[in-house]
Protein chains: 2
Amino acid sequence: MTERPLNATAASLLGFLHDGPLTGWDLVALAEQRIGGFWSLTSSQVYRELATMATAGLIEAGERGRRDRQPFKITDAGRAAFRAWGEREPGAETIRFPLLLTMVFGQHIPREQMARSIAAHRALHAERLAGYESMAATIPAGHRAADPFSVATLDFGIAYERAVLTWFDGLPDSIVQVERADD
Amino acid sequence: MTERPLNATAASLLGFLHDGPLTGWDLVALAEQRIGGFWSLTSSQVYRELATMATAGLIEAGERGRRDRQPFKITDAGRAAFRAWGEREPGAETIRFPLLLTMVFGQHIPREQMARSIAAHRALHAERLAGYESMAATIPAGHRAADPFSVATLDFGIAYERAVLTWFDGLPDSIVQVERADD
DNA sequence: TGGTACATGTAACATGTTACATGATTAG
DNA sequence: CTAATCATGTAACATGTTACATGTACCA
């Protein structure tokens with residue numbers, strides 16, 4: 001007992017398990033879809049956390065089904081642990097943006113390389129934004145009120161991606177523009 | 001030889017060392033100031049990376065000065081390693097935003113708690129934005145052209161923080177508003 | 001002369017990443 | 001029958017975090 005507090009990744013798994021038993025595989029897919037935009041996790045991590053939480057009694061393994069699927073069910077202890085996590089002040093966000101790191105040292109990095117990276121990342125963000133926007137478009141009108149939390153996180157994704165795109169588009173030519181030899 | 005490629009944190013230290021020898025302490029402070037907005041590192045990490053890089057011959061320790069300060073100087077091998085890092089396509093950014101995680105599971109979390117967390121985070125972001133904006137205000141006009149890279153990363157911080165604040169302010173009352181007993 | 005800021009570092013541990021091994025089921 | 005996808009998991013390692021120990025120099 002007196003387990004150390006849950007980490008956020010484990011807590012999110014417990015969060016998903018509130019709605020019913022799920023397998024590791026399901027959780028990976030669900031997490032990617034629902035929190036992938038601002039929380040990353042790998043299947044390795046998921047299986048490790050599940051094993052740890054099962055040992056700690058926060059979840060219980062059910063019968064294995066087809067293809068060895070093993071569903072986990074949240075226990076009362078798990079719900080309590082989740083509640084305790086939810087009551088802690090969430091920490092500040094961390095962002096790790098390698099492109100910006102490259103950019104800080106831009107003077108030491110080939111200009112063309114940088115311009116290409118920027119273009120690639122811009123495209124990636126445009127794609128993500130499009131994805132979020134099409135998700136948002138399919139939200140039934142009534143749902144916006146019914147599940148404001150999911151909507152809010154989706155809105156965050158949209159706001160973030162739009163800001164990033166606007167920033168990309170405002171970069172000065174001195175950074176973005178590649179002098180091209182007339183080939 | 002054939003060392004595995006640099007990690008981004010180590011690379012950033014090498015980046016700073018391009019402009020002259022620095023101690024671990026200096027690097028921590030400099031990193032916090034220059035890349036703290038989108039890349040976090042702790043002093044423990046810095047000293048560990050310095051030790052590793054010194055062993056690998058990417059940097060060289062100089063004479064210890066006052067208060068045991070130990071400056072490190074980048075070597076040619078270090079410059080080469082940095083260049084190799086700069087030539088790799090920077091990976092996608094990762095964001096880890098605990099507040100959003102809490103929010104996804106908002107239905108399972110006390111409303112008042114959530115509202116308080118949101119207010120606290122909003123204040124934090126407002127503060128950061130103000131900091132960035134005052135930094136931006138002190139950039140001499142000519143500098144904008146002279147060091148477009150630093151300016152660009154600062155602009156990112158501003159764009160990001162503004163987007164986050166706007167998002168906060170657009171959250172629906174159903175999330176933000178706490179019913180207050182008339183006390 | 002005592003507190004504060006400077007400065008370096010270690011140890012222990014938590015978390016995240018990558019690569020791989022294994023097998024079940026399904027679709028063609 | 002075979003390739004693709006589903007599904008679980010381990011091992012090894014890299015990276016990040018937290019707590020602490022040690023000592024120096026400045027400044028009031």
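Lettering follows sequence order; numbering is per chain, from 1. Hydrogens, waters and symmetry mates play no part in the numbers below; they use all other heavy atoms, side chains included. Given the structure is predicted, the values throughout are model-derived calculations rather than measurements.
Nearest heavy atom pair, residue B/Ser12 against residue A/Phe105, reads O-CZ, 3.4 Å. Across every non-hydrogen atom of A/Val46 and A/Leu27, the tightest pair is CG1-CB, 4.3 Å.
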Check the pair B/Glu49, B/Asn7 against side chain to side chain donor-acceptor pair (under 3.5 Å), reporting the backbone distance first and the verdict last. CA-CA 10 Å; B/Glu49 294 294 349; B/Asn7 66 58; 3.2 Å; yes
Yes or no on side-chain contact (heavy atoms from CB on, under 4.5 Å) for A/Val176 and A/Phe168, after CA distance, side-chain angles and deciding distance? CA-CA 9 Å; A/Val176 172; A/Phe168 270 120; over 6 Å; no
Stepwise, does the side-chain contact (heavy atoms from CB on, under 4.5 Å) test hold for A/Glu93 with B/Leu99? CA-CA 8 Å; A/Glu93 87 269 28; B/Leu99 180 66; over 6 Å; no
I would like to know whether A/Phe156 and B/Met103 meet side-chain contact (heavy atoms from CB on, under 4.5 Å); could you show each step before the answer? CA-CA 11 Å; A/Phe156 176 86; B/Met103 206 174 274; over 6 Å; no
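Sorted pairs that involve residues 26-70 of chain A and meet ring pair (Phe, Tyr, Trp, His ring centres under 6.0 Å), not counting sequence neighbours, are lacking altogether.
A side-chain donor-acceptor contact under 3.5 Å links A/Asp26 to the backbone of A/Thr23. A/Arg111 contributes a side-chain N or O that, together with a main-chain N or O of A/Ser174, makes up a donor-acceptor pair within less than 3.5 Å. Between the side chain of B/Thr153 and the backbone N or O of A/Val104 there is no donor-acceptor pair closer than 3.5 Å. With hydrogens and angles ignored, the 3.5 Å screen pairs a side-chain donor or acceptor of B/Arg96 with a backbone N or O of A/Ser40. Judged by distance alone, with hydrogens and angles left aside, the side-chain atoms of B/Thr102 form a donor-acceptor pair with the main-chain N or O of B/Pro98 at under 3.5 Å.
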Check nucleotides 1-3 of chain C against the protein and report each pair of N or O atoms closer than 3.5 Å, with its distance, or say if there are none.
none

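Tracing side-chain contacts under 4.5 Å through hydrophobic residues (I, L, V, M, F, W, Y), one never reaches B/Met114 starting from B/Leu124; they form parts of separate clusters.
Across residues 19-49 of chain B, B/Thr23, B/Gly24, B/Trp25, B/Ser44, B/Tyr47 each have a non-hydrogen atom less than 4.0 Å from an atom of DNA chain C (numbered order). Contact check of residues 81-99 of chain B against DNA chain D (heavy atom, cut-off under 4.0 Å) returns no residues at all.
Using a 4.0 Å cut-off between charged nitrogen and carboxylate oxygen, B/Arg128 and B/Glu133 do not count as a salt-bridge pair.
For the side chain to side chain contact (heavy atoms under 4.5 Å, CB included) with B/Trp167, the qualifying choice from B/Leu171, B/Asp169, B/Leu165 is B/Leu171, the only one to do so.
With the end axes of the helix from C/dT1-D/dA28 to C/dG28-D/dC1 each set by five pairs, the angle from one to the other reads 20° at 10° resolution.
Once you apply a 4.0 Å limit to the heavy atoms of chain B, the touched nucleotides of DNA chain D run 5' to 3' over D/dA14 to D/dC26.
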